[in-house]
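Structure, as structure tokens:
In what follows, chains carry the letters A, B, and so on, assigned in the order in which the sequence lines appear, proteins first and then strands, with residues in each chain numbered from 1.
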Number of protein chains: 2
Amino acid sequence: MDRLDKKILRLLQADTTLAVADVAKRVGLSTTPCWRRIQKLEEEGVIKRRVAILDPDKVNTRVTVFVSIRTNSHSTEWLRRFSEVVTTFPEVLEFYRMSGEVDYLLRVVVPDIAAYDAFYKRLIEKIEIRDVSSAFAMERIKSTTELPLDYMVFDKETRES
Amino acid sequence: MDRLDKKILRLLQADTTLAVADVAKRVGLSTTPCWRRIQKLEEEGVIKRRVAILDPDKVNTRVTVFVSIRTNSHSTEWLRRFSEVVTTFPEVLEFYRMSGEVDYLLRVVVPDIAAYDAFYKRLIEKIEIRDVSSAFAMERIKSTTELPLDYMVFDKETRES
DNA sequence: GATGAAAGGTCTCGACC
DNA sequence: GGTCGAGACCTTTCATC
């Protein structure tokens, strides 16, 4: 990967509807080599997928809640089930195991506080959790899927997955 | 919007490389009306954009950090500047104003802890903040851009933005 | 909403410099 | 890396039912 790949990624992270010829023009390549690079970026898994981003308001998921979870020390089996249960809820967009105070952190989207309450009940019904604390977002100031590309490393060799 | 639109959105949220004819087949429509629906979903802003999702590992942003910020009561001008400064950092993927204990919550991605430290220094250099606390993610268990569509409302009228 | 078709554009890839 | 070219495939419209 080099600066050209980086430019290509920057464009495609913002908009995949661009035609290959347009991408090529903007990064200063001709179509075929640009197409080959995009192809390669996909094969290598640098580009994982191309998706449509929806407006949360329009699909009635206005409210974002961050859920901090503390667990007791549990069996591997419990942990497996816990991960599975949480992951299965479509309201859970992000789910991380954390270091420090909190053991797990979720980002959940729902229409309103009542719906969050219902979600919460459905969750603790399926799996027992020691301590849950919820923090509501009042305002979404920034939200993007574009990763910063300034940390990319250009080695001579293709890096493995 | 109706069940068919919902099906279309479900497909496009997962993969926009699908040809219209394929989407049509899967939702049980023929190409033309399906194309018209997609067009409409875009005009109405339900579909906001189509983007490429990159692999964080491959672009050297392996580490996710949640940053909780407490501020003092500040002037409108300070708040404006604060929002602007934070938003400008490409490492900040999400930025919410919160209710409760914490005033603001950021999701930041960087290559490693050292890079986080550097990011942190650059941040507090640009704007004075009362209290910052950082929580590191050890494992990303789930991360998706697919909003749950089960809360969609199908009214007779087109809902306004 | 379905069909069928036509025009134009884009993708994909092979050949060659 | 660049150019050319050809065929397959898609998108986009339109007319008709």
Whole angstrom value for the distance that separates [atom2] of [N] from [atom1] of [X]:
X	N	atom1	atom2	value
A:Arg37	D:dG2	CZ	P	8 Å
B:Leu18	D:dC9	CG	C1'	15 Å
B:Lys25	D:dT11	NZ	C1'	15 Å
A:Glu42	C:dC13	CD	P	11 Å

- Task: Encode nucleotides 12-17 of chain D as B, S and - characters from 5' to 3', where the letter depends on protein heavy atoms closer than 4.0 Å: B to the base, S only to sugar-phosphate, - to neither.
- Result: SBB---
Which residues pass the salt bridge (Lys or Arg N to Asp or Glu O under 4.0 Å) test with [X], not counting sequence neighbours?
X	answer
B:Glu84	B:Arg80
B:Asp131	B:Arg70
A:Asp112	none

- Message: For residues 137-149 of chain B, which residue pairs pass the side chain to side chain donor-acceptor pair (under 3.5 Å) check, not counting sequence neighbours?
- Response: A:Arg97-B:Glu139
- Under the ring pair (Phe, Tyr, Trp, His ring centres under 6.0 Å) rule, what do B:Phe95 and B:Phe89 come out as? Steps first, then yes or no, please. CA-CA 11 Å; B:Phe95 178 21; B:Phe89 281 92; over 10 Å; no
- Would you list the pairs meeting salt bridge (Lys or Arg N to Asp or Glu O under 4.0 Å) in which at least one residue belongs to residues 13-34 of chain A, sequence neighbours left out? none
